[in-house]
Amino acid sequence: MNACFLRKIPGLTLHLDLQCYRNDAGVTMQDHVDLEKTYNPQTVEGATYQKWLDNSCFASKPDERPRAQRFTIVIPPPNVTGALHLGHALNNTLQDILIRWHRMQGHNTLWLPGTDHAGIATQAVVEKRIRSNENKTRHELGRDELVSRIWQWKDQYEKRILSQLQLIGCSCDWSRTRFTLDDGLARAVRHTFFEFFKQGLIFRGKRLVNWDTQLQTAVADDEVYHETVKGYFWHFNYPVKDPKPGEPTHVAIATTRPETMLGDTAVAVHPDPEGDLNRTEKELRLRLEKASAKERPEIETQIETIAERRSSHLPLLKQLSEMAKDGRTLILPLMEREIPLVADIWADPLKGSGCVKITPAHDPNDYEVGQRCDLPMTNVLNPDGTTNANGGEYEGLSFPETRKKVVADMDARGLLIEIEEKETEIGHSDRSKTAVEPYLSDQWFVRMGNLAQAAMDAVTDGRVRFFPERYAKTYLDWLGEKRDWCISRQLWWGHRIPIWYCNTCSNEDIEAAFGDNPTIHTVFDEEQGTWLICSQEEDLRSDAIPGHTLQQDEDVLDTWFSSALWPYSTLGWPDRTADLDYYYPGSVLITSRDIITNWVARMVLTGLYNMGEIPFDHVYIHAKILDGRGETMSKSKGNGVDPVDVVHVYGADALRYSIADMATDTQDVRMPVDYICPHCGHLTPQTSVVPNGKQPADVSRVTCGKCKQRFATQWASDAIKTELPVAKETSEKFEIGRNFCNKLWNSARFAFMNLQDTGYEQIEIATLLPEDRWILSKLSATIRECNSSLAQYHYSQAIKVIRDFFWDSFCDWYIELTKPRLYGEQAAGHTKQILAFILDQILRLLSPFAPFITERLWEELNRLTPQRGLPGVAELDSSNMLMLAAYPPADGWPQLDDETILASFERVQEAVRGIRDLRNKCAVPPKERVTADIKAEQEQLNLLEPQQHVIKAMAGVDRLALLTEAERPKNAGTTVVGPLQIFVHNISDDEAECARIEKELSSIENRLSSVKSKLSNEKFTANAKPEIVEAERQRLVDLERSYAAAADSLEKLRK
RNA sequence: GGGCGAUUAGCUCAGUUGGCUAGAGCGUCUCGUUUACACCGAGAAGGCCGGGGGUUCAAGUCCCUCAUCGCCCACCA
């Protein structure tokens, strides 16, 4: 069977195109257990997911349940730039675990899915593709065509993303899937913009932005990365206009960007160079006093530099400073423009010549100077990165060309003093990888002051809590700067800014057209001489005002503007919907630390503004997934592994289990990536084929390390991909998950083979066998700890607790101990009922982590033993669907708790391990049964007595004697385990025993002396907590007893 | 430059408010194909808890300091 299945979802057709599921896993078997010997996820996952969908298990709608029993998460909407990688798998697995856990606790649980249009990122990806495939720019294509192409891209990747989420088992309410450019969300965006605008929180202003000359858009600071580039430092002379006698004829300045001099509108010198040097020196001397020996030389050098400057530069600077105050001017060479010499503190007397050229339109600091000194701003850059008309004869040249010519021309005029080599950090656009230019342009801003303060308050007063707590600092520090938020982007893909301009309209025209329209707000912009018309509800027609033409702003909004509304725009806001009332605020937001500021902070901020309430109670920040070289996974680097590949190889549960296991609070997850050879299946580590300094995306062909055949990577061109098969990627790390699932599968198989005619009876716990009471008590503790770990977002801890219980206690001990009873070698007791109960609880505990396999096993368990539990002690609901069954209670099953049995069984386990160790050391064949004596005080023997059968079964002992007095039998192996002395008959000889006991004695001696010295220390006994001292005393007693026993054996042996 | 984090077994990581002999998984070694599972079982070896100081009866854990690595923010005529 090979039927890929399609599924219908309102408004969406999702297609699991990457994996074809079979449904032939013996689902209909009735009479005998016929599970495959090895768990095969592919026969289970598709069918199980379909079953959940068919039964609407993921859907949520408002009902009577009170707020405490509701649980809501909105997904961090993945960008539709591309398919998801393992970082997303981590993020969404963690959400799904919480969602499923709460759903099983009977909460009304909503996980709302969706995707983000990711303005600049998506447009860049599509534009790049069109450039390489069709050799066309977006301008050649036109706005409408480009946008329609991006919609096609979006449709394709949204589908892909949602199917990836389904493949890893996400239990989102798919009927509520949203996209940040949906009509509903567009309305929310407009309402927010409108309200901000009306309240004066949005303004339009000239600001320096990072201009991406390739994409021709402003990019946000966080979309700019810095790269060290080898560059030069050019020293120029600017002539002084009409120098008086005794005055310098030229002022020297230095620059790394000579082309910007065309836009210079001043040269600055410090207003008080001497005072500034004095102040700096004073500070340095203060630092020197406190400095460590290592820092000293550097500070001393700086102080010397100041001294040198005093003689070399200061006189001139003082003179220039006076000239500046006197209003003197310079001639800007090349442009032959008169520019002022200004006094401003930005000029650092310690740097360069002490004078600095000021280009307000092209440098953030110069911009500030321009503001302070009221300088004109001369923009010399065109949006496409060429010099504009303000650059005079340089107009039309690209910036690099301009630079060359400027330097050459300056040199020709004798104004070039020197060229110094210098490494500089140049900002590059994250999207286009080209250098960004600071560029003065009209942009829209949100005034952050009060909005930011409110968002800060929500965290400082604890309404919103961060887990781990320290991330609150990141959030608060960033918001504390209250920097205005530039929300306009010169892009075509996004929410269009709902502003129209009319520069011909009169007051009366505006009044007549919109005067009584509450959904329109108008402001007259004096500076630009134009009306700004903001429309809340709909597009305005260009002829909305008779006789005038309205023009809509060309820009779109920053993607984060719509993302910021996500927690409520997805629930119907701005309408006051029932959903909104019921589900808002959400319970927790789960995301990674890099968008705490951009996204989390802004959601809180708009949530408070629009809804009057925080958007979520908790923010859980999880680790990041790194590749084998320690770099974060990302699409652009090409080290992102498709979770679908991992699901193919190991199964979704294995993926989820492994992820949960690795998800600790502090540590990023390092995940070495391997290529799976499509020819032979051999794994080739990515690090072994990616050269130093290169990214995986740079590699398109790989030769398999084993079969030597070649294959393509996912980054190869289409041509290579048709020529060579494409390798999937994975990581061996997921083996732990696969192994776990297989173990679970097989332990369940074992149970199913033995669960015919399981009873459902009243059981007196105290009358049960010790191993029954032990496993039940262990179970209860495990349930408690698992629940409390999850409540604190300690996923890794939760999974570890379950694993230890399942693997170590249940499989390795309890199941082994049920065998004699199930096989009729021992009275059966309530074995089956308890076995079924434990398995039931394990499946429930694991369901959020590994939903597919547990659901499948649940089906089988339900068929074999529909009624499970311990009447009157641990009563269970019955549910056809595990994912809707009750999660084991947060407090465990108190009636099953039994500290005494836990302690005494522990002792039995130690004895068994002691005997096993002896057998191993003495090379006793595993099948061979041995005779053993245990010598101890009566009190200890009383504890062991009821558990003799455990020791016998688990240690391969056929005859066991518990004795208060015993001698080492000839040729017995001996060991001391706490208060027990154990003799295993006929497995050793005297010589070997002597050596072993001597070794043991010396180890006991070491410990003994440390305990003794502790106890003889009066300060210890006086200061330590009484229970600590008491424990230490007990330890001394135990050790002394062990020592005596071992010494006794040795002595007799020597005789 | 400012902030945050990390440094524990060959590898990847746990280690809750200081308190028994510092743990797990993988890998390695020995033994075992037993009727749930070799994607398994039994056992073992393997650690100056990055270095140095300090506080304390007691430090992997708290404080200071140095070193190395990572991330975030700011800035660089």
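All of these numbers come straight from a predicted model, not from anything done at the bench. Throughout, a chain's letter reflects where its sequence line sits, starting with A, and its residues are numbered from 1.
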**Q** Within the 4.5 Å heavy-atom criterion, are A/Lys357 and A/Thr260 side-chain neighbours or not?
**A**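 Answer yes - side chains close enough.
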
**Q** Report the base-pairing partner of B/C26 (Watson-Crick or G-U wobble, both distances below 3.5 angstrom), or none.
**A**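 Pair assignment: B/C26 / B/G10.
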
**Q** Could you tell me how far apart A/Asp477 (CG) and B/C4 (P) are, to the nearest whole angstrom?
**A**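 Taking CG of A/Asp477 and P of B/C4, I get 9 Å after rounding.
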
**Q** Just checking A/Glu928: does its CD atom have more than 12 heavy atoms from other residues, nucleotides or ligands closer to it than 6.0 angstrom?
**A**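 Yes, the 6.0 Å shell around CD holds more than 12 heavy atoms from other groups.
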
**Q** Could you state the atom-to-atom distance from OH of A/Tyr39 to P of B/C40 in whole Å?
**A**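 Distance, rounded to whole Å: 16 Å.
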
**Q** What is the per-nucleotide protein-contact pattern of nucleotides 15-22 of chain B, from the 5' end, where B denotes a base atom under 4.0 Å from a protein heavy atom, S denotes such proximity for sugar-phosphate atoms only, and - denotes neither?
**A** ----BBB-

**Q** For the C1' atoms, the ones on B/U61 and on B/G50, what distance do you get once it is rounded to whole angstrom?
**A**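 Per the computed distance, 16 Å lies between those C1' atoms.
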
**Q** With both distances under 3.5 angstrom, what nucleotide forms a Watson-Crick or G-U wobble pair with B/G18?
**A**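 Pairing partner: none.
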
**Q** How would you summarise protein contacts on nucleotides 24-38 of chain B per nucleotide, using B for base, S for sugar-phosphate only and - for none, with heavy-atom distances below 4.0 Å?
**A** -S------S---BB-

**Q** Looking only at side chains, do A/Glu1005 and A/Tyr1043 share a donor and an acceptor under 3.5 Å apart?
**A**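 Present: a donor and an acceptor within the cut-off.
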
**Q** For A/Lys999, does the NZ atom sit with more than 12 other heavy atoms under 6.0 Å from it, leaving out its own atoms?
**A**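 It does not: A/Lys999 NZ has 12 such atoms or fewer within range.
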
**Q** When the C1' atoms of B/G15 and B/C57 are considered, how many whole Å apart are they?
**A**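 Straight-line distance between the two C1' atoms is 23 Å.
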
**Q** For the C1' atoms, the ones on B/C13 and on B/U30, what distance do you get once it is rounded to whole angstrom?
**A**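 27 Å, rounded to whole Å.
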
**Q** Could you tell me how far B/C37 sits from B/C49 if I compare only their P atoms? Round to whole Å.
**A**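 Looking at atom P only, B/C49 and B/C37 are 44 Å apart.
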
**Q** Within the structure shown, what part of the strands sits under 4.0 Å from A/Lys733 by heavy-atom distance: base, sugar-phosphate, or nothing?
**A**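 Contact class for A/Lys733: sugar-phosphate only.
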
**Q** For A/Phe849, which residues count as a ring pair (Phe, Tyr, Trp, His ring centres under 6.0 Å) partner, sequence neighbours excluded?
**A**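 With neighbours one apart ignored, the set is empty.
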
**Q** What interatomic distance, in whole Å, is found between C1' of B/A45 and the corresponding atom of B/G2?
**A**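 These two C1' atoms come out 47 Å apart once rounded.
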
**Q** Using the C1' atom in both, what is the distance from B/G10 to B/G32, to the nearest Å?
**A**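 B/G10 and B/G32 have their C1' atoms separated by 26 Å.
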
**Q** Which nucleotide, if any, forms a Watson-Crick or G-U wobble pair with B/U55, using both distances under 3.5 Å?
**A**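 Check on B/U55: unpaired, no WC or wobble geometry under 3.5 Å.
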
**Q** Give one of base, sugar-phosphate or nothing for A/Arg913, where a contact means two heavy atoms less than 4.0 Å apart.
**A**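 The residue A/Arg913 makes sugar-phosphate contact but no base contact.
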
**Q** Check for me whether the distance between the ring centres of A/Tyr471 and A/Phe466 falls short of 6.0 Å.
**A**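 No, too far apart.
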
**Q** Using whole Å, report how far CH2 of A/Trp807 lies from C1' of B/G41.
**A**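 For the pair A/Trp807 CH2 and B/G41 C1', the rounded distance is 11 Å.
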
**Q** Rounded to whole angstroms, how far apart are CG on A/Asp594 and C1' on B/C73?
**A**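 Spelled out: CG on A/Asp594 to C1' on B/C73 is 14 Å.
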
**Q** Does the structure show a Watson-Crick or G-U wobble partner for B/C4, both distances under 3.5 Å? Name it, or say none.
**A**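 Looking at the geometry, B/C4 pairs with B/G70.
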
**Q** Could you identify the nucleotide paired to B/G41, looking across every strand shown and requiring Watson-Crick or G-U wobble geometry with both distances under 3.5 Å?
**A**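 By the stated definition (distances under 3.5 Å), B/C31 pairs with B/G41.
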
**Q** Using 30° and 60° as the class boundaries, would you call the ring planes of A/Phe750 and A/Tyr823 parallel, tilted or perpendicular?
**A**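 A/Phe750 and A/Tyr823: perpendicular rings.
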
**Q** May I have the distance from A/Ile595 (atom CD1) to B/C71 (atom C1'), rounded to whole angstrom?
**A**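 Interatomic distance, CD1 of A/Ile595 to C1' of B/C71: 15 Å.
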
**Q** Counting heavy atoms not belonging to A/Glu1027, are there more than 12 under 6.0 Å from its CD?
**A**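 Enclosed.
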
**Q** Side chains of A/Thr975 and A/Asp917: closer than 4.5 Å at any heavy-atom pair?
**A**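 A/Thr975 vs A/Asp917: side chains apart.
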
**Q** Answer yes or no: does a side-chain N or O of A/Arg593 lie under 4.0 Å from OP1 or OP2 of B/G5?
**A**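 For B/G5, neither OP1 nor OP2 has a side-chain N or O of A/Arg593 closer than 4.0 Å.
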
**Q** Heavy atoms, side chains only, cut-off 4.5 Å: are A/His362 and A/Arg257 in contact?
**A**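 Yes, at least one pair of side-chain atoms sits under 4.5 Å.
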
**Q** How are the rings of A/Phe805 and A/Phe810 set to each other: parallel, tilted or perpendicular (split at 30° and 60°)?
**A**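 Geometry flag for A/Phe810 against A/Phe805: parallel rings.
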
**Q** Whole Å only: how far is the CD atom of A/Glu481 from the C1' atom of B/C72?
**A**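 That distance rounds to 12 Å.
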
**Q** Assuming nearest nucleotide by heavy-atom distance, tell me which of A/Lys624 and A/Arg916 is located more 5' along RNA chain B.
**A**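 Closer to the 5' end of RNA chain B: A/Arg916.
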
**Q** Could you tell me the separation between the NZ atom of A/Lys351 and the P atom of B/C75, rounded to a whole number of Å?
**A**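 A/Lys351 atom NZ is separated from B/C75 atom P by 13 Å.
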
**Q** Quick one: A/Arg470 CZ to B/C71 C1', roughly how many Å, whole number?
**A**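 Result: 11 Å.
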
**Q** Could you give the distance separating B/A59 and B/G51 at their P atoms, to the nearest angstrom?
**A**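 15 Å, rounded to whole Å.
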
**Q** With rounding to the closest Å, how many angstrom separate the C1' atoms on B/A14 and B/A74?
**A**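 Their C1' atoms lie roughly 35 Å apart.
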
